[in-house]
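Lettering follows sequence order; numbering is per chain, from 1. All values derive from a computational prediction rather than experimental measurement.
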Amino acid sequence: MEVALLGNPNTGKTSLFNELTGSYEYVGNWTGVTVDKKVGTLKKQMGQLIDLPGVYALNPISKDEGIASQYLLENRFTSALNIVDASQLSRNLHLTVQLLEFGKPLVIGLNMVDVAKSRGIAIDVNQLSEELNVPVLPIVARTGKGCHDILNYFSLKNQHVSHFTIDYGEKIEKAIENISDLLHEEQLNHRWLALQLLQGNRVVLDHIKINKGIDIERIQRIIQELDKHIEEVEKCSLVRTIYSKRKHIIDDILSKVITREKKSDLTFTDSIDSIVTNKFLGIPIFLGIMYFIFHMTFNWIGTPVSDWLDGFFSGPLSGWIGQGLQVVHATPFIRALVLNGLVAGVGGVIVFVPQMIVLFFFISLIEDSGYMARVALVMDRIMQAAGLNGKSFIPLVIGFGCNIPGIMAARSIEQPKERLITVLITPLMSCSARLAVYSLFAGAFFAKYQALVVLSLYVLGILLALVMAKIFSLFFKHEHSVFVVELPPYRIPNAKTLFRSTWDKSKGFVKKATTFILGGTVVIWLLSYAGPHGLNVDIDHSFLALVCGYIAPLVAPLGFGTWQAATALVSGFLAKEAVVSTMSIVYHAPHSGTLTGVISQAFTPLQAYTFMVFSLLYIPCLSTVPAIYKEVGTRKLTWFTVTYCVVLAYIVSLVIYQGGRLMGF
Amino acid sequence: MILTELKKGEKATILNLSRTTKLVQRRLLDLGVTEGEEVCYKCALPFGGPCMLEVCGQCIGLRRNEAKEIQVVRT
Ligand SMILES: Nc1nc2c(ncn2[C@@H]2O[C@H](COP(=O)(O)OP(=O)(O)OP(=O)(O)O)[C@@H](O)[C@H]2O)c(=O)[nH]1
Ligand SMILES: [Mg+2]
């Protein structure tokens with residue numbers, strides 16, 4: 001059995017998916033959180049549940065909506081689970097009607113009944129079920145209330161195929177009939193196909209075109225004729241007319257189903273909005289929030305814990321492991337590998353986990369609260385100046401956690417040109433892995449102003465992204481920019497969601513450290529242990545020093561022309577944390593104390609800042625490259641993205657370093 | 001009159017949407033924003049930034065130049 005979750009954006013599909021499959025997928029309070037098809041196994045092994053991007057209608061505008069429509073056309077699912085937002089019934093039912101017309105077994109999950117109730121909207125569930133002729137199950141996906149009923153429903157074998165038809169009026173019905181006659185070779189419901197074609201659904205048209213036996217031209221002629229006729233008679237377009245017919249029926253149903261007790265109140269949301277989207281305060285508040293987050297991450301919570309961990313790793317833990325290895329009579333090679341390689345390298349990254357947790361907690365908070373859509377609104381004017389729209393800012397903010405989901409999030413942008421440019425600039429966003437680099441350097445050089453220094457890097461990343469966006473947009477044909485954003489009501493973030501979301505992201509960081517970074521660390525360490533003159537050479541005569549010694553002069557004009565820095569940057573392409581783990585190895589000397597101490601000897605503050613800037617920009621990491629390729633679609637553009645990042649990093653670092661020197665730093 | 005002439009917090013009924021960009025029109029229709037619906041003009045961001053509207057029980061953000069193409073009548 002395969003059940004497909006379909007519904008409007010931000011109605012709680014993924015929340016329900018997580019509840020029913022026990023998995024964790026990305027949940028957030030804005031439209032366009034899920035941008036890909038996700039497969040999960042229903043509890044009790046009943047079958048598969050497919051989570052899809054939210055859609056308003058079946059005729060897609062953005063790329064994520066296209067994925068959902070495409071899935072529907074593949075027609076592999078056994079039944080559909082339509083999630084409907086009880087507080088927005090009228091809009092949601094437009095999709096429901098189209099899904100009913102599709103003619104597959106359907107059940108409605110009436111979600112957010114808690115929100116509807118608090119707004120004084122009472123819904124007669126039985127009546128609704130009767131009117132639409134499908135089962136309706138009220139749920140609260142966020143808390144799991146009623147979700148069990150859904151499982152129970154699917155464990156029953158006899159699933160309901162609904163028969164729900166709207167009479168679209170004589171002329172339209174005639175056209176539907178004529179088109180249906182031409183579709184006899186098609187597997188999908190003919191009436192549905194005809195209606196979608198009348199609505200100008202491009203995905204459906206492309207789907208029909210594959211089938212050679214169908215006379216497309218005749219179909220298009222029928223549509224054109226009808227369109228012309230409707231324009232003349234009804235004085236509005238065919239699409240509008242179909243919409244109005246549906247709306248009429250929906251309004252009629254709702255009048256029997258809904259009773260409003262009091263006026264809808266959005267007062268809580270209103271009062272927050274009057275501050276955060278205030279004319280003058282909007283942008284300062286956003287920056288203030290970012291600053292506050294960094295302050296929490298660095299000065300208040302993260303760093304103290306990290307420092308303690310660092311001390312523990314380089315002190316007692318190394319001691320214990322050393323003693324342990326002695327007890328088991330490990331060879332000096334193994335001892336060196338474990339202590340100077342693994343503990344120093346992987347440990348050097350793991351110590352930043354506390355900072356990551358704090359940062360991820362706040363990112364999750366922003367995601368689940370509803371502030372994200374407001375950020376898009378507040379930033380729209382600035383983004384417009386850069387040739388983008390406010391929605392492009394959401395991928396950038398997500399990119400602060402990790403560039404990969406950020407790049408994918410661009411799918412929800414309506415306009416192809418703006419979507420592409422957003423993908424191209426997202427790698428400039430300072431992801432959490434880069435934060436490990438900043439933590440190391442800012443901690444060593446700018447202890448007092450850590451938060452400010454790090455904020456400056458984030459802002460620099462955003463500014464450069466905007467400048468690049470402006471430059472890129474000059475190479476495209478001018479297209480009309482589109483910006484319509486739904487601003488969902490604020491929700492008090494759910495503790496469970498927050499916890500899971502933070503946990504999920506932090507887990508990724510730890511996992512990467514213990515797999516990817518671990519492997520890289522071993523290689524780096526081996527290269528630093530072996531040299532042309534055998535094993536256990538002085539590190540300055542190792543293969544690593546030799547090879548990276550050739551790269552060092554390239555970055556010398558930027559102020560860090562040592563082989564150690566060059567090595568760190570090369571391995572940083574694997575993953576940005578590797579910059580830190582590599583530094584831990586190449587600067588590791590017995591009794592040298594913590595890495596911070598060594599670093600502060602090896603760099604000047606100006607060099608350190610330049611190094612941070614360079615690390616921020618110089619290249620998307622290895623795992624990001626395929627994600628870019630997947631979105632841009634061509635090798636050429638992928639290479640272009642990687643190359644422009646390197647060039648930009650070089651130029652900006654050069655300006656900062658040489659400029660800084662001129663100013664006497 | 002046009003939408004952006006409304007004062008903050010004022011309500012009006014939409015008369016004509018057809019002059020907005022096609023894609024925007026489709027999105028607005030997706031959100032249930034059509035002729036005859038009541039709209040409340042909530043605020044606008046500075047330097048010609050977007051404006052915030054309340055329609056059909058939901059808040060939406062829209063570019064100012066698009067909003068200028070929407071004709072309304074005060075209720
Ligand atoms: N109050 C309340 N909030 C809910 C309920 N279900 C989901 N939410 C919240 O609604 C927001 C959206 O949830 P998601 O599960 O991400 O919605 P989605 O339908 O997957 O959204 P897209 O992937 O963007 O289409 C989250 O902030 C949830 O916590 C509910 O029943 N009641
Ligand atoms: Mg989702």
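- Salt bridge annotation for E69(B)-R63(B): absent, with no cationic side-chain nitrogen under 4.0 angstrom from a carboxylate oxygen.
- Taking chain A as the reference chain and counting heavy-atom pairs below 4.5 Å, the highest number among I60(B), V24(B), L29(B) is found for L29(B).
- R202(A) and N59(A) are not linked by any side-chain donor-acceptor pair at a separation below 3.5 angstrom, with hydrogens and angles left out of the test.
- Side-chain polar atoms of N10(A) and T31(A) form no donor-acceptor pair below 3.5 angstrom.
- Interface remark: T277(A) contributes backbone and side-chain atoms alike to the contact with chain B (heavy atom separation under 4.5 Å).
- Note on G32(B), P50(B), G49(B): by heavy-atom pairs under 4.5 Å with chain A, the leading option is P50(B).
- Salt-bridge check for K247(A) with E37(B): passed, with a basic side-chain N closer than 4.0 Å to an acidic carboxylate O.
- Only the backbone of C56(B) comes within less than 4.5 Å of a heavy atom of chain A; no side-chain atom from C-beta onward does.
- The pair K417(A)-E479(A) does not count as a salt bridge, with every side-chain nitrogen at least 4.0 angstrom from each carboxylate oxygen.
- The residues D30(B) and R27(B) are annotated as salt-bridged, a charged nitrogen and a carboxylate oxygen being separated by less than 4.0 angstrom.
- In this structure, R374(A) satisfies the cation-pi test against Y490(A), with its NZ or CZ atom closer than 6.0 Å to the six-membered ring centre and inside 45 degrees of the ring normal.
- Under the 4.0 Å criterion applied to side-chain N and carboxylate O atoms, D270(A) and K42(B) are assigned as salt-bridge partners.
- Contacts between H94(A) and chain B at a heavy-atom distance below 4.5 Å are absent for every atom of the residue.
- The candidate with the highest count of non-hydrogen atom pairs below 4.5 Å against chain A, out of L28(B), N65(B), T21(B), is T21(B).
- With a 4.5 Å cut-off on non-hydrogen atoms, T20(B) does not touch chain A at all.
- Heavy atoms of E486(A) lying under 4.5 Å from chain B belong to its backbone as well as its side chain.
- Looking at E65(A), only its side chain comes within 4.5 Å of chain B, counting heavy atoms on both sides.
- Heavy-atom distances place both the backbone and the side chain of N389(A) under 4.5 Å from chain B.
- Neither the backbone nor the side chain of S87(A) comes within contact range of chain B, judged by heavy atoms closer than 4.5 Å.
- For E414(A) and K22(B), the salt-bridge test fails: no basic side-chain N is under 4.0 Å from an acidic carboxylate O.
- The candidate from S237(A), S481(A), S244(A) with the greatest count of non-hydrogen atom pairs under 4.5 Å with chain B is S481(A).
- Looking at F483(A), the atoms closer than 4.5 Å to chain B (heavy atoms on both sides) sit in the backbone and in the side chain alike.
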